[in-house]
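The next block holds one structure in the form of structure tokens; read it before the comments.
This structure is a prediction, so every number in the text was calculated from the model and none was measured. Every chain is numbered from 1, with letters handed out A, B, ... down the list of sequences.
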Number of protein chains: 2
Amino acid sequence: MSEPGLSDGDGAAAGAADSHGQYISAIYRHMQVVIAAELAPYRIGSGQYIFLMAIASGRAVTQKALSARLLVDKATTAKAIAKLEAEGYVRRDPDPADNRYQLLELTDEGRQIVPYVKEALARVKARTRKGLSDEAYDSFIQSLKIVLRNLTELEEIRE
Amino acid sequence: MSEPGLSDGDGAAAGAADSHGQYISAIYRHMQVVIAAELAPYRIGSGQYIFLMAIASGRAVTQKALSARLLVDKATTAKAIAKLEAEGYVRRDPDPADNRYQLLELTDEGRQIVPYVKEALARVKARTRKGLSDEAYDSFIQSLKIVLRNLTELEEIRE
DNA sequence: TTAAATTAGTTGCAATATCATCCTATATAG
DNA sequence: CTATATAGGATGATATTGCAACTAATTTAA
């Protein structure tokens, strides 16, 4: 009885109706746990893999650029990079042209694990999108993009 | 240049393609900030409102039941309820029939602010779903439900 | 050229959240 | 009836994240 879930429960209650916020939050939290477990063998936490992947998918970047691309606070980036560096996956070279910048690159060890991390993430993605056709998934992503844009536009105004 | 965003960026890179995980995470984090700001006047953080609303929408519940319904760890529930209690919005009555249980109910002050919290949340919802038609939003919610179910099913197996 | 403003990154603090462990109360076994 | 198991909560440790304040380096203004 009383399957866990987020629905309004006892419908009658003057309903705020189903809201994406609740689902987003629950999905986020549960995915963090799954991803953390999946990446534990590589000593990478759920807070670091996006940075690793972002660095992997291009040439040297700065933390500022990473923060902007991933929509993350620069402090978060700094701390995540510090962990990746401590694990020996990422190297920080100060930009000779401008010593304020730290150019981020993968180490050899970093390049080695990237494929495994990619596989792990692909597994998580496949498991969690199960039941969504390609069309449904595509429109899902489109909706996510719209919601995210709504949120980031709010911020731009504020600046 | 280089609009912030999550897309694969330099497409060429052997693509993990667009993944809902990135968007979910970005949306979650940004919504936390917006909701925290919106609820600050009531001294309620982004981590407490779901509990307040859940308690508001029914008769007395236990923390265990809340945790299950909201898909949250019981420690998280305990801490959130403690804050709501400290603010005077929630009361914990030990169940006379079984002293292990704490029956949670709103205080008068709690009942007073609920409508304002609901309005605040409705504002956030309206702002963030802007650009999604009712049909699009509905199918969005359906997809979120599917993804969430995929995640919680994984856990059940594990137990 | 020197002073002020801007920029990239770091650090301290607080909030959210989970896991592991412990405590207390009830239920079950022997 | 006592001993063990179980259940709901509480607590401590740890991870992720954002904001504010700070440092160091470069750029812009006077």
Completion exercise
Sorted by position of nearest nucleotide on DNA chain D, 5' first, the leading residue of B:Leu103 and A:Ala80 is B:Leu103

Handout entry: Along DNA chain D (nearest heavy atom to each residue), the more 5'-positioned of B:Lys74 and A:Ala75
Key = B:Lys74

Interatomic distance where [atom1] belongs to [X] and [atom2] belongs to [N] [whole Å]:
{"X": "B:Asp73", "N": "D:dT14", "atom1": "CG", "atom2": "P", "result": "17 Å"}
{"X": "B:Leu39", "N": "C:dA15", "atom1": "CG", "atom2": "P", "result": "15 Å"}
{"X": "A:Leu66", "N": "D:dT17", "atom1": "CG", "atom2": "P", "result": "13 Å"}
{"X": "A:Lys64", "N": "C:dT10", "atom1": "NZ", "atom2": "C1'", "result": "15 Å"}

Exercise for the section: Please list residues of residues 88-102 of chain A whose heavy atoms come under 4.0 Å from any atom in DNA chain D, ordered by number; otherwise none. Expected result: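 Nucleic-acid contacts, sorted: A:Asp98, A:Asn99, A:Arg100.
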
For [X] and [N], is the shortest distance between a side-chain N/O and OP1 or OP2 below 4.0 Å?
{"X": "B:Gln32", "N": "D:dG18", "answer": "no"}
{"X": "B:Thr76", "N": "C:dT18", "answer": "yes"}
{"X": "B:Gln63", "N": "D:dA10", "answer": "yes"}
{"X": "A:Tyr28", "N": "D:dT17", "answer": "yes"}
{"X": "B:Lys79", "N": "C:dA15", "answer": "no"}
{"X": "A:Arg29", "N": "C:dT18", "answer": "yes"}

Practice task
Would you check if there is a donor-acceptor pair between the side chains of B:Gln32 and B:Ser46 at a distance under 3.5 Å?
Solution key: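 Result is yes, a qualifying pair exists.
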
Practice task
Select base, sugar-phosphate, or nothing to describe what B:Thr62 touches, counting heavy atoms under 4.0 Å on all strands.
Solution key: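 The residue B:Thr62 makes sugar-phosphate contact but no base contact.
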
